[in-house]
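Data first, discussion second: the structure below is written as structure tokens.
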Amino acid sequence: ARITALLLALAAGGVSLVRLRTEAARTPSPNSGWPMAAMALGLGVRLGKPGGYVLHADGRVATDQDSARALAYASKALLAFVLIVQAALILIANGGSA
């Protein structure tokens, strides 16, 4: 979850890691809050569960356009993850030396 959050934060153009940690801690789950907080901060929107928690409380209300941006960020994060895994596999296959 933390790797996903980091990749989403990078895909969104950078998010404060201190703020990310603070927002992620607002959810009851030790894991799910990280990517949700990264997306809320990256998009600049307020996300929450009624009666539960609010992430990025000072963010604006999400719009339809934010869904498209969220998909773009998720796609970039996935591509980055695939490239990292491929690089790791190449290093492993070469016995740790490039």
Side-chain angles (χ1 to χ4, degrees):
R2 286 156 185 81
I3 292 171
T4 300
L6 180 60
L7 294 174
L8 286 170
L10 291 172
V15 167
S16 163
L17 297 183
V18 172
R19 185 80 192 272
L20 177 59
R21 172 183 256 176
T22 301
E23 294 298 322
R26 297 186 192 286
T27 67
S29 170
N31 293 314
S32 66
W34 286 91
M36 291 189 300
M39 195 62 82
L41 291 168
L43 294 170
V45 300
R46 173 188 169 121
L47 298 177
K49 178 179 180 182
Y53 56 83
V54 175
L55 302 173
H56 193 34
D58 55 339
R60 61 182 171 70
V61 173
T63 65
D64 292 343
Q65 292 80 18
D66 292 313
S67 295
R69 288 179 47 218
L71 286 172
Y73 294 163
S75 295
K76 288 178 184 180
L78 177 60
L79 177 61
F81 180 72
V82 168
L83 294 173
I84 290 167
V85 169
Q86 284 180 331
L89 291 173
I90 290 169
L91 285 173
I92 291 168
N94 290 328
S97 60

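Nothing here was measured: the structure is a model prediction, and the numbers come from that model. In what follows, every heavy atom counts, from backbone to side chain, and hydrogens, waters and symmetry copies are set aside.
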Item to check | Distance (rounded to the nearest 0.5 Å) between Leu6 CG and Leu17 CG | outcome: 6.5 Å

Checklist entry - So, do Arg21 and Trp34 sit near enough that their side-chain heavy atoms are less than 4.5 Å apart? => result yes

Checklist entry - In the hydrophobic clustering (ILVMFWY, side-chain contacts below 4.5 Å, transitive), which residues join Leu79, or is it alone? => result Leu83

Item to check | Backbone N/O of Ala24 and side chain of Thr27: donor-acceptor pair under 3.5 Å | outcome: yes

Item to check | Counterpart residues, side-chain contact (heavy atoms from CB on, under 4.5 Å), relative to Ala77 (two or more places apart) | outcome: Leu7, Leu8

Checklist entry - What pairs of residues pass the salt bridge (Lys or Arg N to Asp or Glu O under 4.0 Å) test when at least one of them lies in residues 70-92, not counting sequence neighbours? => result none

Item to check | Nearest atoms (heavy-atom pairs only) where Ala12 meets Gly42 | outcome: CB-CA, 3.6 Å

Item to check | Hydrophobic cluster partners of Leu78 (side-chain heavy atoms under 4.5 Å) | outcome: Val82

Return a table of donor-acceptor pairs under 3.5 angstrom between the side chains of residues 43-56 and protein atoms on other chains or two or more places apart.
residue: His56; atom: ND1; partner: Arg19; partner atom: NH2; Å: 3.2
residue: His56; atom: ND1; partner: Asp58; partner atom: OD1; Å: 3.0

Checklist entry - Pairs in or reaching into residues 1-10: which pass side-chain hydrogen bond (donor to acceptor under 3.5 Å, both in side chains), with residues at least two apart or in two chains? => result Arg2-Asn31

Checklist entry - At their closest point, which heavy atom of Ala9 faces which heavy atom of Ala38, and how far apart are they? => result N-CB, 4.3 Å

Next on the checklist: Let me check something: do Met39 and Leu10 share a hydrophobic cluster, defined by ILVMFWY side-chain heavy atoms less than 4.5 Å apart, either directly or through other members?
Outcome noted: no

Checklist entry - Going from CD1 on Ile84 to CG on Leu89, what distance comes out if it is rounded to the nearest 0.5 angstrom? => result 12.0 Å

Checklist entry - Any donor and acceptor pair, going by atom type alone, linking the side chain of Asp66 with main-chain N or O of Ala62 inside 3.5 Å? => result no

